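One structure is given below, encoded as structure tokens.
Here is the naming used below: chain letters follow the sequence lines, and residue numbers restart at 1 for every chain. Both backbone and side-chain heavy atoms feed into the values below; hydrogens, waters and symmetry mates do not. Because the structure is a prediction, the values reported are computed rather than measured.
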Amino acid sequence: MFNWASTLTAVAMVLSIAAGAVASELPAGIETIGRPATDNELSAWDIDVRPDFLGLPPGSGDVWQGEEIWLEKCAACHGDFGDSNEVFAPIVLGNITDEDIETGRVAALQDPAVARTTLMKVATLSTLWDYIYRAMPWNAPKSLTPDEVYALLAYILNLGYIVDEDLVLSDANIDEVQARMPNRNGMRQDHGLWSLRGEPDVNGDTCETDCEVDLTVSSSLPDYAMNAHGNLAEQVRSVSPYAGLWTAPEEAAQVAAPPVAAAPETLLGQSGCTGCHQMAGQLVGPGFDAIRARYAGAENAAYLEQKIVNGGAGVWGGIPMPPMPGLDSDTLQSIVTWLTAATDHSGEES
Amino acid sequence: MAGEQQEQGQLRLAPESFLAPDLVNDIQRNGVDDARRKLLRGAFAAASAALIAPTLRASDDPDIVNVPEWSRSLGKPVAANPYGLPSPYESNIVRRQSPGLTQTDQASVAFTPLQNLFGMITPSGLHFERHHQGWVDIDPRRHRLMINGLVETPLVFTMEDLLRLPSVSRIHFLECGANTALEWGNVAVPTVQYSHGMLSASEFTGVPVSLLLERAGYDRKRARYLLAEGADGSSMTRTINLENALDDAMVAYGQNGEMLRPENGYPLRLVVPGVQGVSWVKWLRRLEVGDQPWAAKDEASHYVDLMPDGSHRQYTSIQEAKSVITAPSGGQKLLKQGYYCITGLAWSGRGSVSRVEVSVDGGRNWQVARLEGPVLPKALTRFNFDWTWNGEEAMLQSRVTDTSGYTQPARAQLVAVRGTRSIYHNNAIQTWRVGADGEVHNVQLG
């Protein structure tokens with residue numbers, strides 16, 4: 001088993017040998033920081049599987065076992081046949097041909113009209129094994145046994161017509177199945193974005209004056225899509241050289257309040273207002289809906305302020321509102337701004 | 001939508017600064033009696049100040065003449081917010097999702113509001129979020145970093161261990177490889193937050209990966225790649241080129257002077273300067289040294305760039321030079337003619353920004369922009385450009401050239417080589433059209 005003392009000695013020896021070459025990089029004493037990992041620790045965390053299947057645990061599973069597990073643990077997101085796009089992109093849609101399996105290139109990837117699926121893209125079977133084992137199911141990652149992963153993978157591959165339904169997938173035959181992966185020859189690494197010394201495939205112009213350009217607007221956002229990201233007027237700082245475009249529908253404009261004047265429910269609660277007032281309808285005092293309807297408009301702010309601070313009676317009935325002198329200035333301002341803001345948005349963004 | 005023009009600017013005057021006009025008129029006509037004085041006193045602590053203030057004339061700014069209440073009251077105590085918060089008036093400056101982009105919020109994106117930010121650092125709370133299986137709160141006392149693979153001795157470090165080791169602090173940008181992905185084929189989003197907001201920058205503090213590899217005694221002859229692995233449910237993995245790892249990568253715990261935010265990988269993440277964000281594995285638990293890449297899910301199924309011939313580029317990592325004007329930008333409106341300071345960001349994964357040029361006529365003519373210092377490698381560089389808007393249509397663009405000699409391409413140049421379906425690594429020149437009405441819209445030319 002693991003021997004602490006001998007390992008430390010070995011580390012010290014290695015470091016002392018290495019120290020001659022890299023003395024400037026490792027300050028003295030650093031070899032005592034951190035400790036050797038144990039075998040148990042390594043096997044608990046070192047779960048990755050490489051394309052050459054280094055790291056693949058032994059085990060096996062068949063298509064029928066896979067279907068059972070799939071329906072229980074996977075189908076809710078991916079659909080019974082792995083073709084759902086409700087939650088995630090489809091795993092399989094049937095766009096793989098026998099010829100693809102023969103050549104190792106999925107021809108449909110050249111067709112922009114064809115939706116791309118996992119099995120159309122992934123070149124390496126190890127990727128799927130590794131990912132399912134470490135990260136699936138979605139809400140209970142790392143709960144599957146190796147045998148269950150083999151079975152699930154067999155089921156998925158059968159859905160894609162890559163293997164027959166009588167396949168028992170195992171560590172012994174996985175490389176044979178890899179040789180049938182339909183896009184196994186579809187990946188390339190001969191591009192400039194991998195190595196620090198990579199050459200760019202595109203380089204821009206450096207023309208400075210009277211450059212040849214096509215100023216035709218070929219694409220812009222249609223008007224109906226301008227509010228798909230909410231009201232852009234609320235996504236710019238309130239003090240800015242530029243206003244945000246008002247993209248909320250007009251109905252929303254009728255009730256929308258500026259961000260700082262958002263309904264101060266917590267303030268109303270903390271300040272004791274909700275003991276007598278509710279959002280809609282008379283309680284002890286009038287509802288906030290009635291107050292906001294009557295006093296909408298900034299010109300009513302000063303009046304409401306003094307009513308809240310001093311209290312009063314007679315406006316809404318005989319029960320007096322007690323004075324609220326303890327409200328701090330910010331809270332008072334927030335409440336009054338909110339009360340008067342109901343129909344006071346027009347021109348807010350101008 | 002536009003209200004009446006107001007001389008003080010586009011903002012409505014805060015209503016709480018006014019006395020009710022009826023009360024003002026009443027007092028002007030009848031003077032102040034006890035009842036009226038009581039009204040004033042009740043409303044404002046310094047009602048007497050208002051009484052002796054000069055009558056408001058049309059040319060007066062009421063926010064000056066009526067001395068604001070914050071100038072006439074006691075402020076809040078220290079430590080009212082033991083961890084400071086932005087002003088409530090900034091409550092709309094937040095990360096936002098692009099509706100409909102993803103079907104689950106655990107595998108989704110929240111974009112940084114670039115249109116509202118200054119300088120070259122992103123506030124940690126506004127750093128964009130991109131998670132693949134949700135984010136987690138990790139107890140740092142129970143977090144470990146393991147180093148294994150082609151090393152003399154597999155090692156385990158606690159957070160205390162890592163914090164004892166010699167540290168470095170560097171400012172770097174972090175851009176998702178899928179930033180601007182929605183714009184390959186056509187305009188799809190209205191503002192720079194959604195078109196370019198998977199971009200942030202921080203000062204990161206941590207331990208150089210090279211030091212940890214030395215400490216573990218990595219195999220210099222065989223080692224070519226690193227696998228980085230997270231401790232979250234997805235335990236996301238990415239292959240890192242050893243040359244990147246030894247060059248300037250670090251295992252970071254610090255972000256802008258404090259610990260990382262949980263959404264950004266607390267307590268430990270990998271920092272791979274110049275490389276796309278997905279490789280900056282969050283909640284980092286393990287680094288494995290190897291001699292082959294791993295073809296992990298996010299480098300075999302996702303984050304592979306589809307080319308027109310149906311092949312996929314795999315392990316596309318480096319973020320090439322890119323720039324964007326952040327203000328004025330899509331979804332905004334210029335309120336009047338005259339001077340504007342066009343401002344934006346430029347960056348390169350291959351080095352430093354050497355030059356940024358701005359065009360206001362859709363790329364026909366270019367002029368050099370001012371770079372705000374400091375200009376650092378693989379960091380955001382802020383640029384500014386003086387512009388007088390004469391009320392006519394304008395097409396605003398920026399383009400960057402980096403220290404490797406690479407110049408940011410036009411969209412047509414990029415599409416000619418890569419098509420429109422590669423999703424990742426769209427670093428095309430962005431165009432904002434300013435209409436004669438002052439409205440700014442996201443457009444594509446040609």
Side-chain angles (χ1 to χ4, degrees), chain A residues 11 14 22 25-26 33-34 36-37 45 50-51 87 109-110 118 121-122 124 127 131 134-135 141 186-189 191 193-194 196 200-202 204 206 208-209 211 213-215 217-221 229 232 234 237 242-243 245-246 259-260 298 301-303 305-306 309-310 329 333 347 350, chain B residues 1-3 10 15-16 19-20 39 42-43 69 73 89 91-92 103 116 146 152-157 161 164 186-187 190 214 217 233-235 243 286 294-295 297 300-301 310-318 328 331-333 362-366 406-409 413-414 417 443-444 446:
Chain A
V11 170
V14 168
V22 295
E25 294 187 49
L26 279 190
I33 299 175
W45 277 13
R50 235 165 47 166
V87 185
L109 286 170
Q110 297 171 57
T118 305
K121 289 188 288 184
V122 171
T124 37
T127 302
Y131 180 62
R134 74 172 55 247
M187 296 286 164
R188 41 196 305 178
Q189 298 170 26
H191 55 77
L193 299 183
W194 185 208
L196 284 179
D201 58 346
V202 184
T206 51
E208 289 171 8
T209 51
C211 310
V213 287
D214 181 353
L215 293 178
V217 172
S218 56
S219 180
S220 62
L221 210 55
H229 288 76
L232 303 182
E234 294 168 357
R237 181 170 286 111
Y242 317 100
L245 297 180
W246 186 274
V260 286
Y303 170 79
E305 255 181 74
Q306 66 87 15
V309 173
N310 294 338
S329 159
Q333 293 295 327
S350 63
Chain B
M1 154 181 0
Q10 80 276 24
E16 60 272 23
L19 291 174
L39 275 180
E69 60 277 13
S73 56
Y89 295 95
S91 62
N92 59 326
Q103 294 95 324
N116 299 302
M146 180 183 287
E152 287 288 342
T153 313
L155 295 175
V156 169
F157 295 90
D161 291 334
R164 277 182 70 194
N186 51 268
V187 168
E214 295 287 354
S234 78
S235 291
E243 58 176 347
R286 194 166 65 94
W294 273 265
K297 183 261 286 178
S301 178
S311 69
H312 282 92
R313 287 182 176 171
Q314 195 174 25
Y315 306 112
T316 49
S317 302
I318 292 169
Q332 300 182 345
K333 182 172 184 173
R364 193 176 295 281
N365 295 286
W366 296 89
Y406 174 89
T407 298
Q408 184 182 10
Q413 294 174 307
L414 208 56
V417 175
V443 299
Q444 290 175 359

Shortest non-hydrogen contact from [X] to [Y]?
X: A/P36; Y: B/T153; answer: CB-CG2, 3.9 Å
X: B/P190; Y: A/L232; answer: CB-CD1, 3.8 Å
X: B/Y315; Y: A/W194; answer: O-CE3, 3.2 Å

Separation between [atom1] of [X] and [atom2] of [Y], rounded to the nearest 0.5 Å:
X: B/E69; Y: A/Q333; atom1: CD; atom2: CD; value: 4.5 Å
X: A/H191; Y: B/S317; atom1: NE2; atom2: OG; value: 7.0 Å
X: B/K297; Y: A/Y131; atom1: NZ; atom2: OH; value: 4.0 Å

Is chain B contacted by the side chain of A/T124, its backbone, both, or neither, given a heavy-atom distance below 4.5 Å?
->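 Looking at A/T124, just its side chain touches chain B.
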Is it the side chain or the backbone of A/T206 that comes within 4.5 Å of chain B heavy atoms, both, or neither?
->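 Both parts, heavy atoms under 4.5 Å.
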Against chain A, work out which of [options] has the most heavy-atom pairs shorter than 4.5 Å and name it.
options: B/G363, B/S301, B/G362; answer: B/S301
options: B/S73, B/S234, B/G446, B/P409; answer: B/G446
options: B/N116, B/D161, B/N186; answer: B/N116

I'd like to know if the side chain of [X] and the backbone of [Y] have a donor-acceptor N/O pair within less than 3.5 Å.
X: B/K333; Y: A/A243; result: no
X: A/T127; Y: B/A295; result: yes
X: B/E243; Y: A/L196; result: yes

With A/R188, which residues qualify under salt bridge (Lys or Arg N to Asp or Glu O under 4.0 Å), at least two apart?
->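 Partners of A/R188 by the salt bridge (Lys or Arg N to Asp or Glu O under 4.0 Å) criterion, ordered by chain and then number, come out as A/D190, B/D309.
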Checking heavy atoms, do the side chain of B/R286, its backbone, both or neither come under 4.5 Å from chain A?
->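 The answer is the side chain of B/R286.
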Let me know if B/Q408 has heavy atoms under 4.5 Å from chain A in its side chain, its backbone, both or neither.
->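 Answer is backbone: N, CA, C or O of B/Q408 sit under 4.5 Å from chain A.
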Which residues share a side chain to side chain contact (heavy atoms under 4.5 Å, CB included) with B/V187, sequence neighbours left out |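 Side chain to side chain contact (heavy atoms under 4.5 Å, CB included) list for B/V187, sorted by chain: A/S219, A/L221, B/E183, B/N442, B/Q444.
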In terms of heavy-atom pairs under 4.5 Å with chain B, which of A/T209, A/D214, A/I33, A/V217 leads?
->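 Between A/T209, A/D214, A/I33, A/V217, the count favours A/I33.
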